[in-house]
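Single-structure report; data block below.
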Amino acid sequence: MNGTEKGTGNGESAFTTRLVALVRKETRQMLRDRSNLAVGLLLPVALILLFGFGLSFDVRHAPIALIMQDRSEGAREIVSGLRGSAYLDPVDVETMEEASRMLRDGRVDAIVQIPSDFARRQVKGGAQIQLILNGVDSTTAQTLEAYVQGAVATAMARQADRGGVVSPGGSVMLMTRTWFNEEGNSRWYLVPGLVVLIMTLVGAFLSSLLIAREWERGTLESLFVTPVQPLELVLAKLAPYIVVGLIDLAMCLLAAVFLFGVPIRGSLLAIVVVSILYLLVSLLVGLLISGVTRNQFAASQVALLISFMPALMLSGFIFDLRNIPIAVRIVAEFLPATHFMGVIKTLFLAGTDWGMVASNSAILIGYILVFTFLTRRTLRKRLD
Amino acid sequence: MSTAAAPSDAVGDLTVACEGLRKVFNGPDGKPFDAVHDLSFSLRAGTISALVGPDGAGKTTLMRMLTGLLKADGGTLKVLGIDVAAHPQAVQDRISYMPQRFGLYEDLSVQENLDLYADLHGVPQDVRAERFKRMLEMTDMARFTGRAAGNLSGGMKQKLGLACTLVRVPDLLLLDEPSVGVDPLSRRDLWEIIEQLIESDGLSVLVSTAYMDEAERCDEVLVMDHGRLLAQDTPTEITARARGLTYLASPAPGTPARDLQARLIDAPDRVIDAVPRGGAVRFIRQPDTPVERLGDLLQGRPVEERGEELEDAFMLLLRQHNAGGKPDAIHEAASQDALVSPAAPDQTEGENVIHVRDLVRRFGDFTAVANTSFDVRRGEIFGLLGPNGAGKTTTFRMLCGLLPATSGTLEVAGVNLRRARAEARRRIGYVAQKFSLYANISVRENLEFFGGAYGLRGPALKQRVQTIVEQFGLDPAATSGALPHGYRQRLAMAAGLVHEPEILFLDEPTSGIDPLARRAFWRTITSLSQSGVTVIVTTHFMEEAEYCDRIAIQDAGHMLALGTPQEVREQAGGDSVDDMNEAFIAIVEQGRAHDAEEKTAA
Amino acid sequence: MAPAPNRFPDRAVAWLAEVAFLFRKEVLALFKDPANRIILFAPAFIQTLLFGYGAILDLQHVPYALLDQSRGQAASELIARLDGTGVFSRQATLNNTNQIAPLIDRQKVLMAITIPADFDRRLASGEDAPVQVVFDGRNSTTAGSAAAYVASVVQAFNASRKGVQGVTVVRRAWFNPNLESRWQILPAMIATLSMLQTMLLAALSVAREREQGTFDQLLVTPMTPLQILVGKALPSIVVGLLQSTIVLLIVLLWFRVPMSGSPFLLYFGLLCFNIASVGIGMTLSAFALNMQQAMLFSFMLIMPLTLLSGMLTPIRNMPLVLQYVTYVNPLRFGVAIVRRVYLEGAGLGEIAPNFLPLLAVAAVTLPLSAWLFRHRLA
């Protein structure tokens, strides 16, 4: 027997051998555990399809109940304005009772009532139309209100033109342009945000089981009494899930472009680099939780609570950070997901802003260093 | 030869040297206690030392301190001349350690597990091929290299764990109860491997074990109890301590040896230990009690002196150490004779309560139980023996109605429990492997739950739980999961008996518990049997077959032998075999040879 | 041996007593662990606050940049109207169009308004005067709301300038007069948050016992699968109702979203909803061979169930196929019941159709899981 066989002091080559062996082990374990892979690969596909096809904040063909108690020309003009809107689907209803029943049952989203004195008051000025909305879904309600207002305004303008009434003085004409998302399609911002969610899911949730599982199955005790170093364990556990994360990223990007027609206006390279950085952060968060709790159930719950839920709620994915109270915003600023969300949406829809990419990457790298250090500590080779 | 690689700073040729070593843990009651107390000893290189002691002696804690996984709370500890507390990694680079539960990755194959540990230890490729070949040959696993470790039997897993530990030649090998939960055949193989390696590689080994026959093979034995070292000497010297105290008594014809054994062991002030063996009872008297003073216990049965063994000396040491202390496990549990009020004492003995004919269970292509037939009579203790993976547990699960049989008939108390109405299940008690109970609720809450599940209610339940808690010496307020292993087993027994069943099923009830607790367990079983309860038990401690009225030996799903222990010993090779272990190995090997013949003939 | 009761009332009492023992054991095992006590109730608490403060879709703060090239009277009137809403706040006053892009790119402002130099002159001469507004569309929902808001301000400005009373649309929003999105989301949380954990809890209940080997011990007792089912499902249902109560109290007392309906009906709806989701959890549990599988299975299910519940986005916006899929989603009906009772004050008659799918799910999953107890071989 000679010294080399002891595996001591061989520095780099022994380190490489051990790391390769551990990576191989983690990869095999991952591949053989179907339920893990299902969460890592199938759930992202399901989420992509659901977010891409299933979820939409955009109101199209919303059914509204129309009660016409006045059949004057002006009233008919308004009705045709409503019918002409691509967003609204008016149905004629006779009575308010019936309409309100339909509204309650969710068969219509709003009631438009043209009162019997409409024509009379239109002549005098000050004609009114009643719009009743179901506030339970306040988002849809607000959008509908804007559409109804728009349709009425258009109808009135048309009537004015036809009547040849020259309005005294000019009007302010709004010419709006929406940058980055000309059609105002909610899918365009949901799909890039989905990259964040999926990276968080694969990262934090799956990795939160890894160290805890070894504690629960008692496999660490034998592993500790080998020349293996804590950092090697951390790196080896990251490796296979980075690959899964990259596959998910590729699926997201392909689906975004080819399935949903979301543009990628920024640098693809920047997207990949930032995504890998964020993936590392969330993997490390998961590992850290796993190492601290040493229990798979607790680890998965904590991972959901402190990484997935905030990424969903507070990163600016659906809910605009500008609308939330300042205290909650401060919390949001501490989330790695918030920084990733900002840069990924920009890279998809706006283009490459290298300054932003650099500063957000720096923040993510900072998180990586901190979490690596902390995770390594949880794997220090002691049982007490 | 490997010592050549040891660095020059090694203190002489000592592998382990400790002085005043101490480790404090917080007990389940929150109070700190010394798991290892003021331990001082040293081990020489090139020797194999055994560490023996009951549960809670501090064996595993000591092992973990040697590996640097636990930090001592006091004293000094040097392993291979290195201060472990200061340089754990330096020690870990040079030792190999097999924990009690070796961390095999169950989803990796045999070969992949070996490769992983070889890489981690930095075994060079050229050395590796030859080493693997040898390990696989010795463990007889060359056929299974592609199989997932999780699909191996318990014995095979231990062998693979040993192989992974020994992918390289360490300067010190630490084995923590390598043979726990392993059947005699695998145990024999395991020791053959260890001995071959000691021979060829000049290993230094420290092995903890619950088996005295294993300790006997070592150069040196360290006896520990309650964190203290009771003795360190050669096996011969330790054995000599019991000289002149050991006897053999024969029971009255037609009565089981266990009845005599029970009488003897119930008199701890005069008798240190008693076990049935080969149809007779071996016992040790207290040094201050001459054998003549045992007349009332022996009831005139013939007694002869016999040669002392290591186990005798071990029991003597433990008893002397515990003398004056709290009453020990055996007598606490077995002090009440009427442990259980007889379920149906008036019914005729000899009536079959379990009836099994041509029982078969297949899992896909694999036949776990093949064509098994046997009967168990009321009041009998029936032992189901076999190596790991023989089909014992599968048979058991079918009897209890947990698993449907593929074909064949089986009746327990006249019904098939799988199809029977729930009421029929009131008549049986079941203690599952590993004493599965709800870990985070208290002893009382566990017992009340099981009592309630069996239909006991109100004051009757409270009364019954109180009685059984007292009988088994349990603390009702203790959290079940925090109980020491031996007490967990008692609680499992108590839960299985809370509804006073007629038939009790016990699946490996003594696996992983120490000799003291095992004697206490069997004393309880003897009492139960005397009160008319039928007991069906699986075990792989062959000497425990001696407590049974009849035993069946299973291997690879086939029934190889069925009869009284005496009949089985005769089948194994006549009267010369009085050791159940040998009888078992002989029968299983005959069976396997026969099987192989049939296969080649076909 | 315990006496076997024969008469019906005795048998029923004995049956219930055995279930009660299992229930008691489950509850004890669940709550003895201090970590469990935290894990079961802290998330409901924290997430309600998180959603209450974070899940806001209403436009509350729109930072904007102004490039006013006209510097005229009419322009400043228009801007004053905008600032007067309290929603729009000017972050920057610009000098040239090149300054717009960096501000929007960096998300410093949500929109930029450009008022051309000839704005006042055009208005005065009776011509139409264009005002250009650029929005950041990275969150198109926010952008859309802001656009609609600006449009209504401009409309009002036009009307007042001309002194003409056009047709006004008088809006009344039922059940949520100020159309606050918090009202939309928080009551739905009463059902959603409890499902996240009750389903998992139910999924772990049998899987844990299988993994720890206690399930065999349970199966050999005289308890029937039905008793085991009831004893194991009840604790999860109770925990679900407790979590719902925590959320309900926070929504009611902290966020002060007024409740219009009957608390009894609300709890009855929650009960049925919990039974259905626990049924799904129990089926997963009976299928899973270990805790890890149970956990991953339920997680895979919980995500889509939440997304397809109509809590965030209307069911009607989904493709038809997915709309059919939502019929087996208890959360869809749970959310519907809670919202309608809580916000609309709906009565049993109005929400009755929502109960059918819930009961159907329970009627399939609960017997299936009871059957699986004995027939799923480990």
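Convention: sequence-line order gives letters A, B, ...; per-chain numbering from 1. Values reported hereafter were calculated over all heavy atoms of this structure, with side chains retained and with hydrogens, waters and symmetry mates removed.
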Looking at chain A, which one of [options] has the largest number of heavy-atom pairs inside 4.5 Å, strictly under?
{"options": "C:Ile315, C:Ile46, C:Leu200", "answer": "C:Leu200"}
{"options": "C:Phe51, C:Phe119, C:Trp183", "answer": "C:Phe51"}
{"options": "C:Arg340, C:Met318, C:Glu180", "answer": "C:Arg340"}

Is [X] in contact with chain C via its backbone, its side chain, both, or neither, using a 4.5 Å heavy-atom distance?
{"X": "A:Thr140", "result": "side chain"}
{"X": "A:Thr293", "result": "neither"}
{"X": "A:Asp33", "result": "side chain"}
{"X": "A:Arg101", "result": "neither"}
{"X": "A:Ala141", "result": "both"}
{"X": "A:Leu304", "result": "side chain"}
{"X": "A:Phe205", "result": "side chain"}
{"X": "A:Gln301", "result": "side chain"}
{"X": "A:Val136", "result": "both"}
{"X": "A:Leu190", "result": "neither"}

Spacing of A:Met313 atom CE and A:Phe308 atom CZ [to the nearest 0.5 Å] =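 Here the interatomic distance stands at 11.5 Å.
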task = Please look at C:Met300 and chain A and tell me whether the side chain, the backbone, both or neither of the residue comes under 4.5 angstrom of a heavy atom of that chain.
result =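 Answer is both: backbone and side chain atoms of C:Met300 are under 4.5 Å from chain A.
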request  = Verify whether one side chain among C:Glu211 and C:Gln292 offers a donor that lies under 3.5 Å from an acceptor in the other.
outcome  =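 No - no donor-acceptor pair under 3.5 Å links their side chains.
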For the student: nearest non-hydrogen atoms of C:Leu40 and C:Gln197, plus distance =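 Shortest heavy-atom separation between C:Leu40 and C:Gln197 comes out as O-OE1, 3.3 Å.
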Closest non-hydrogen atom pair between A:Pro115 and A:Gln128, with its separation =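 A:Pro115 and A:Gln128 have their closest heavy atoms at CD-O, 3.2 Å.
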message = I'd like to check C:Val109 versus C:Asp136 (side-chain heavy atoms, cut-off strictly below 4.5 Å). Are they in contact?
response =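 No; the side chains remain at least 4.5 Å from each other.
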task = For the residue pair A:Phe118 and A:Gln113, establish whether any side-chain heavy-atom pair is separated by less than 4.5 Å.
result =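 The answer is no; the side chains never approach within 4.5 Å.
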